[in-house]
Number of protein chains: 2
Amino acid sequence: MANKSGRATGKRSQRTRSPPPSAQERGGEQPLSLGRIVVTAIELLDAEGVNGLTMRKLADRVGSGAMSLYWHVDNKEAVFDLALDTVLEYRGPQQKAEPQDWRGEVLHMLEDWRASMLRHPWSASLLPRRALGPNILNRLELLSKTLSAAGVGDADLNAAIWSLWNYVMGATITRASFDFLDADRAAAQQRLTSLSERYPTIESSHLLLDDDWDGAFRKGLGFLLDGLPLR
Amino acid sequence: MANKSGRATGKRSQRTRSPPPSAQERGGEQPLSLGRIVVTAIELLDAEGVNGLTMRKLADRVGSGAMSLYWHVDNKEAVFDLALDTVLEYRGPQQKAEPQDWRGEVLHMLEDWRASMLRHPWSASLLPRRALGPNILNRLELLSKTLSAAGVGDADLNAAIWSLWNYVMGATITRASFDFLDADRAAAQQRLTSLSERYPTIESSHLLLDDDWDGAFRKGLGFLLDGLPLR
DNA sequence: GATCGCATCGTACGACGTACGAGTCAATTG
DNA sequence: CAATTGACTCGTACGTCGTACGATGCGATC
């Protein structure tokens, strides 16, 4: 832990090699590469969750030995970081909307964000422990620009950005963890029966049963956008 | 995995035994108990983080053999659940404020929530993967009652509750993960220098440098409360 | 004293992340 | 051509983890 910076070996970080075009396929398998490792890791995470990703299983899926991964990747944590950042990439709105529609642009980006994470529920539980990857910073940058252009004053800008970010993060994480819970219906059912006695208001409002998550997300986001102070 | 429900042994779940008052202390140590396990687990989590909690280390701290823990606890996941729920307990506002001050009551509960999680940063990264414990449900119930009494209509109630919940969750998780990042200043510094080129708006607004987290939290919460539709 | 439940713990097993060094093979150099 | 290099792969091994299993101790009851 103390000599963490002693890592002098370059290993792989860029993949700018001349493509071996006519390389005869070794048993019909593609060559190992960082890209292939990452997409396979995402598949594995989708299939078996955070605890299902092990270096040995990942190597099996890629068709290599376990230790071969370590040529392309520093350690398991790096695999998590790469998978997370890959999943969070954002390609702006497909058709250029009218440039004045800041609200539409913010909504599109935030809903895409949420959708991306819900497509890969493990990402929600991974994000809290990880750094801000480039794709997250891209989204923050876009959000920042759009809000500023929309007329949010400099004094309120940071609070506004964080409010939206926080809202999306919380909503997504909550939603994703509910998916986890619903996995074992037995415990869920038992919890719900005990709810009516101990938590009457929650029960009567169907807070935990209402599954119109998308609608609630949009509605709450509307509340928040309504509260933002525009110049 | 298939016979998970085959667990018929009662083990320990309640601790309503007659207290052994005159039991001579065995080497001066208290008896092992679920409560002692949980508080020790929290200490260990505070000291060494999520990855620092292992059953063997926990047993050492409690002064027992590793396998003795399993008499009181189903498995390691249960330790996480118990530690998390314990940390999230809420004892309402200390002095009874005037009963009409719904905004103050909501603010107090949400800020206490955030403060509780930030006192134990591991809780933020743990929450996304765990069930809603009783103490979380208590807070949701209180929030629900307060907002309803404040005049939020039934049609908007759930969206309002989730908005506040999402906001607090997101803000807390973000804040806690920033603490993690600041642990290694080297990478942080490097990231910041590359920021000015790639992410100009983020840079110029000092989004990542401004460390008035508490103020930003309160301000954004204000935006959100301002946006709630009251009857 | 014999029996029985509660509670503790030593040993052992399989799975994990990964350090280490030996192996392969194409490109480069003489 | 042979020798060397460097990019890349992987088998083995070590230490650590969660925890299944069965032996053990002990106070209460018969």
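Each chain gets a letter, A, B and so on, in the order its sequence line appears, and its residues count up from 1.
The distance between atom CD1 of I37(A) and atom P of dC10(D), rounded to the nearest whole Å, is 11 Å. Rounded to whole Å, the distance from OH on Y70(B) to P on dC17(D) is 12 Å. What separates CG of D60(A) from P of dC16(C) is a distance of 10 Å, to the nearest Å. Distance CG (L34(A)) to P (dC8(D)): 12 Å, rounded to an integer number of Å. Going from atom CE of M55(A) over to atom P of dA13(D) covers 21 Å, rounded to whole Å. With rounding to whole Å, L69(B) atom CG is found 9 Å from dT8(C) atom P. Following rounding to the nearest Å, E48(A) (CD) and dA15(C) (C1') show an atom-to-atom distance of 14 Å. Distance D74(B) CG to dT19(D) C1': 12 Å, rounded to the nearest Å.
At a threshold of 4.0 Å, the pair E111(B)-R218(B) counts as salt-bridged, since one of the basic side-chain nitrogens sits closer than that to a carboxylate oxygen.
Applying ring-ring contact (aromatic ring centres under 6.0 Å, His included) to W113(A) and the options W165(A), F217(A), Y90(A), Y167(A) leaves one that passes, W165(A).
Smallest separation of non-hydrogen atoms from A176(B) and A124(B): CB-CB, 3.8 Å.
The cationic group of R130(A) does not satisfy the cation-pi geometry with F80(A), failing either the under 6.0 Å distance to the six-membered ring centre or the 45° limit from the ring axis.
Between H72(B) and dT8(C) there is a side-chain N or O to OP1 or OP2 distance below 4.0 Å. Between S64(A) and dT9(D) there is no side-chain N or O to OP1 or OP2 distance below 4.0 Å. At least one side-chain nitrogen or oxygen of T54(A) sits closer than 4.0 Å to the OP1 or OP2 atom of dC16(C). In this structure, W71(A) does not reach the dT9(D) phosphate: none of its side-chain N or O atoms is under 4.0 Å from OP1 or OP2. The side chain of S68(B) contributes no N or O atom lying less than 4.0 Å from OP1 or OP2 of dA7(C).
Of the residues near DNA chain D, R56(B) and M67(A), the one whose nearest nucleotide (by heavy atom distance) lies more toward the 5' end is M67(A).
Expressed to the nearest 0.5 Å, how far CG of L58(B) lies from CD of E43(B) amounts to 10.0 Å.
Across all strands shown, L58(A) has no heavy atoms under 4.0 Å from either base or sugar-phosphate atoms.
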